[in-house]
Amino acid sequence: MAAILSLISSFKLVTNENIPQKGAKRASEFIKQYDNIKHKAFSSVRTTKLQVKTSIEKTSLIRQMKVLVSYVESGSVDNALQLFDEMDKRSSFVWNLVIRVLTNNGFFVEALDLYDQMCFKGVRADKFTFPFVIKACGGCLDVFEGQKVHAKLFIVGLDLDLHICNSLILMYAKVGCIEFAEKVFDEMPVRDLVSWNSMIQGYILVNDGLSSLECVCKMQQHNFQPDRFTIVSALHATSLVCSVLKGKEIHALVIKSKLQCNEMVHTSLLDMYGKCGNICYAERVFNMSSCIHVAAWNAMIRGYALNGQPFESFTCLRKMQENGLKSDYVSLINLLPSCSQVGSLLSSKTVHAYAIRMGFLPHIVLDTALIDMYGKCSEPKLAKLVFDQMHQRNLISHTTLISALGQNGQYRDALRIFFDMWSDGFKADAMTITAILPVYYEIASLREGKQIHGYVVKLGICSNTYVLNSLTYMYSRCGDLVSARDVFDGILLKDVISWNSIIMAYAIHGYGEISVSLFSEMKKKGVNPNSSTFVSVLTSCSVSGMVEEGWNYFTEMKIEHGIDPCIEHYGCMLDLLGRVGDLNKAKELITKMPLELTSRIWGSLLAASRQHKDVELAEFAAKQILSIESDNTGLYVLLSNLYAETGRWEDVRRVKSIMESQNLKKTVGLTMVDIKDKTFKFKDQDRSHEHSYLIYNVLDIILKDPYNNLIKFKPVDLLKKKSKSADWHSVRLAVCCGLISTPIGSPILVRKNVRICEDCHDVMKKISLICHRKIIVGDSKIFHHFEHGQCSCRGYW
DNA sequence: TTAGGGTTAG
């Protein structure tokens, strides 16, 4: 400032009055000098003013940055964004901070948008920018964007940066590209503990517990000591491979590393023992700890539910509250599977009400767990109600509802939700497909089932074992055994469900011998059969009348595999004894059964009695069914048919009168046939098809054919007072529709919603003989393959 | 300023 004042005072001295008269040249030089001084003086004033301004701005910027850092560290996204907007100068440091706050708070799309803006404005992204941008790509599950960022790293020379590579490993694992994660990890010039932990965690993200555990070993071989993050991941990996032995090894490592008091490690230990089916060890670890926190109680609640101890789960919640700890929403999420296991709707509703009272709802995970629980408690309407009231839905909530509706016979509603899900922009995954496929084989045609197969290919999940297992079963249930076998053969990693599906497929198509040979092959491949495998194998024996083999498998199940027979296994054995007419042994088996007798069991005896025209035994079985359920329509229909077949018309009328008085209506028979890209449905005596005239003419010709002696005389026809209705049963119309619409010699596949009647069964044999066609009829129980006048069921169904 | 975590739905 002093220099400025001195300059100004010297400027005052230089005036025209002071210029010497005779020294014009000197004066001119003098003036020039003064001009220079004047210019310099102004210049200096300007610079100084700028310096002051810059200094003030700098102080303000530092203050703004300090505030911004505090917003970022406290996760105040809105404040951080507002301050960012107000800032005139934004260095890459500032951009990094805002991208970081967005990423760390789950605003992945917004973080990527900001990164794009940063690049557009020419601000250079640095080694601090990329870890957050890569994390955002992983958060969005956007592998395409992730690869774009990865490509840029090569251009800017940051492709081998330690922290950036650590981020890339997790990003690639999150989007399921574990091979890329491995490549990044392998090519890293330097790795730290985080690199190893990221790779270990990465394998868990793709459900590869084995590789994760191998990585833990390799890490130690490279002289890296596991920390709490390594241990937590290793315990998770152990749960994935379900190995208590491996879990105990990690437990020893926990003790060696003195990490057993760490809350996260402690919870992970409890979770691991619970998930590996060793709840006793979980209890020991739990009881040994002095400081029990909410997460530990929650892990125990879940553990009991997973191990089929629902009452202990409830006790755990009560004890937790008695210990002065408040249950949280996770406690309820973990408790809900126990509610469905107990099967008490009252307790389920109580938990639901408690969640509302505590203000835990709406919550996307808790709501989804409630949908699942109501589905398993056979309350699809309540499941739908919870879904409708959700504020936010995702793929899992949609899939859970589809399962809940499908499992409870609400097929149309399940399909509606499936299509709504698509229109709402949710892309189905393997679990969704597994949930919807049973709905397809229950109500849809083979054509529609094939469309779903096409979707599976388009979705890129055609190598998923769960999906392929469901497709195998779908094809078999839709009547296409060849495609079922093709899908099964294409499963690279066949699990026990794959084998169960194909064994059951051949069983329901009447090829029991192939089923049992597949069962032998399965065992040779080292796959252990489970309870469901034996249901499939015993069904095979039943449909093919293999009595001795059936008893052998029934014994093998218990002796060699330690599987106690359940009601389904007994049902299969009864069907088998009924098929060969050994009704006395069937009765004996029922009396020796150590289980509560169900209508399914008595139904098997009733069916066998009807097949062998044993009216007395049928009436006994019917009485037993009536004592369990009074509105079993099938029972009355079966009994009525038996009375008609044995000429007991008075009893037929009596049964019909009971049905009318109880308002029980026989299921309307429907048969579906696929012709090109259309599915045609026929009712009995249906005339809705545009070529009905032709269909009826063809049927008349077939029925009048000299092969007519194949069709037995049925007393039931007398009851129909010479009506032609039996001649025009839906299955015959559908098959004739197939005959006139498909190339000569090609097979015809139709599906019925009820059992095929004996009359139609004979007509089908005749059509296959005189038309030289293979006719496949799927009824509500099995598929009949008619060829050369014979049926695969050999007359028993 | 940098990366990673437990008990949570199909």
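All chains are named by letter (A, B, ...) in the order of the sequence lines, taking the proteins before the strands, and each is independently numbered beginning at 1.
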*Asks:* Charged N to carboxylate O under 4.0 angstrom, A:E249 versus A:K246?
*Replies:*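 Counted as a salt bridge, because a side-chain N and a carboxylate O are separated by less than 4.0 Å.
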
*Asks:* Output the residues of residues 75-83 of chain A in contact with DNA chain B, where contact means a heavy atom of the residue under 4.0 Å from an atom of the strand; sort by number or write none.
*Replies:* none

*Asks:* Report yes if some heavy atom in the side chain of A:N469 is under 4.5 Å from a heavy atom in the side chain of A:T434; otherwise report no.
*Replies:* no

*Asks:* Rounded to the nearest 0.5 Å, what separates atom CG in A:L317 from atom CD in A:Q321?
*Replies:* 4.5 Å

*Asks:* Using a cut-off of 4.0 Å on non-hydrogen atoms, how would the nucleic acid contact of A:V194 be classed: base, sugar-phosphate, or nothing?
*Replies:*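 It contacts base atoms.
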
*Asks:* Taking any heavy-atom pair under 4.0 Å as a contact, classify A:T434: base, sugar-phosphate, or nothing.
*Replies:* nothing

*Asks:* Can you list every ring pair (Phe, Tyr, Trp, His ring centres under 6.0 Å) pair that touches residues 374-414 of chain A, not counting sequence neighbours?
*Replies:* A:H352-A:Y374, A:F387-A:H398, A:H398-A:F426

*Asks:* What side-chain donor-acceptor pairs closer than 3.5 Å can you find for residues 282-289 of chain A, not counting sequence neighbours?
*Replies:*
from, atom 1, to, atom 2, distance (Å)
A:E283, OE2, A:Y304, OH, 2.5
A:N287, ND2, A:E283, O, 3.1
A:S289, OG, A:C291, O, 3.4

*Asks:* Residues two or more places apart in sequence or in another chain: which of them pass side-chain contact (heavy atoms from CB on, under 4.5 Å) with A:M358?
*Replies:*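 For A:M358 the side-chain contact (heavy atoms from CB on, under 4.5 Å) partners, ignoring immediate neighbours, are A:Y354, A:F360.
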
*Asks:* My understanding is that only residues two or more places apart in sequence, or in another chain, count here; which of them pass side-chain contact (heavy atoms from CB on, under 4.5 Å) with A:V342?
*Replies:*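 By the side-chain contact (heavy atoms from CB on, under 4.5 Å) rule, A:V342 matches A:P310, A:F311, A:F314, A:S344.
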
*Asks:* Pair A:H150, A:F180 - check ring-ring contact (aromatic ring centres under 6.0 Å, His included), show working.
*Replies:* CA-CA 11 Å; A:H150 195 176; A:F180 290 163; 8.2 Å; no

*Asks:* Does A:D367 reach a base, just sugar-phosphate, or nothing at all? Heavy atoms under 4.0 Å.
*Replies:*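 Here A:D367 touches no strand at all.
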
*Asks:* The criterion is side-chain contact (heavy atoms from CB on, under 4.5 Å); which residues satisfy it with A:V330, sequence neighbours excluded?
*Replies:* A:N298, A:D328, A:N334

*Asks:* Got a sec? Which of residues 406-423 of chain A come in under 4.0 Å of DNA chain B, heavy atoms?
*Replies:*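 Within this stretch, nothing sits under 4.0 Å of the strand.
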
*Asks:* Not counting sequence neighbours, list each pair that qualifies as a ring pair (Phe, Tyr, Trp, His ring centres under 6.0 Å) and has a residue in residues 62-87 of chain A.
*Replies:* A:F84-A:W95

*Asks:* One thing to verify: whether A:D413 and A:R416 come together as a salt bridge, which I'm taking to mean a side-chain N less than 4.0 angstrom from a carboxylate O.
*Replies:* yes

*Asks:* Classify the nucleic acid contact of A:L395 as base, sugar-phosphate or nothing, counting any heavy atom under 4.0 Å across all strands shown.
*Replies:* base

*Asks:* I need the residues from residues 264-286 of chain A with at least one non-hydrogen atom less than 4.0 Å from DNA chain B; give them sorted by number, or say none.
*Replies:* A:M264, A:T267, A:S268, A:D271, A:K275

*Asks:* Which heavy atom of A:A428 sits nearest a heavy atom of A:I433, and at what distance?
*Replies:*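 Closest approach of A:A428 to A:I433, heavy atoms only: CB-CD1, 4.3 Å.
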
*Asks:* So, using ring-ring contact (aromatic ring centres under 6.0 Å, His included) as the criterion, who are the partners of A:H236 when residues are at least two apart?
*Replies:*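 Once residues adjacent in sequence are excluded, A:H236 has no partner under the ring-ring contact (aromatic ring centres under 6.0 Å, His included) criterion.
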
*Asks:* Counting any heavy atom closer than 4.0 Å, what does A:K127 reach on the DNA or RNA strands: base, sugar-phosphate only, or nothing?
*Replies:* base

*Asks:* Looking across every strand, which nucleic acid part, if any, lies under 4.0 Å from A:F130 by heavy atom: base, sugar-phosphate, or nothing?
*Replies:* nothing

*Asks:* Could you check whether A:D328 gets within reach of a base, just the sugar-phosphate, or nothing at all, counting any heavy atom under 4.0 Å?
*Replies:* nothing

*Asks:* Checking all strands, does A:H398 fall into the base, sugar-phosphate, or nothing category for heavy-atom contacts under 4.0 angstrom?
*Replies:* nothing

*Asks:* Under 4.0 angstrom, heavy atoms only, what part of the nucleic acid is A:N394 near: base, sugar-phosphate, or nothing?
*Replies:*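 The residue A:N394 makes base contact.
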
*Asks:* Could you tell me whether A:I364 contacts a base, only the sugar-phosphate backbone, or nothing, with contacts defined as non-hydrogen atoms closer than 4.0 Å?
*Replies:*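 Base, at least one base heavy atom under 4.0 Å.
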
*Asks:* Name the first nucleotide and the last nucleotide along DNA chain B (5' to 3') that come under 4.0 Å of a heavy atom in chain A.
*Replies:* B:dT1 to B:dG10

*Asks:* Using a heavy-atom cut-off of under 4.0 Å over every strand shown, decide if A:N96 touches base, sugar-phosphate, or nothing.
*Replies:* base

*Asks:* Using the side-chain contact (heavy atoms from CB on, under 4.5 Å) criterion, which residues pair with A:A237? Sequence neighbours excluded.
*Replies:* A:I204, A:S212, A:L213

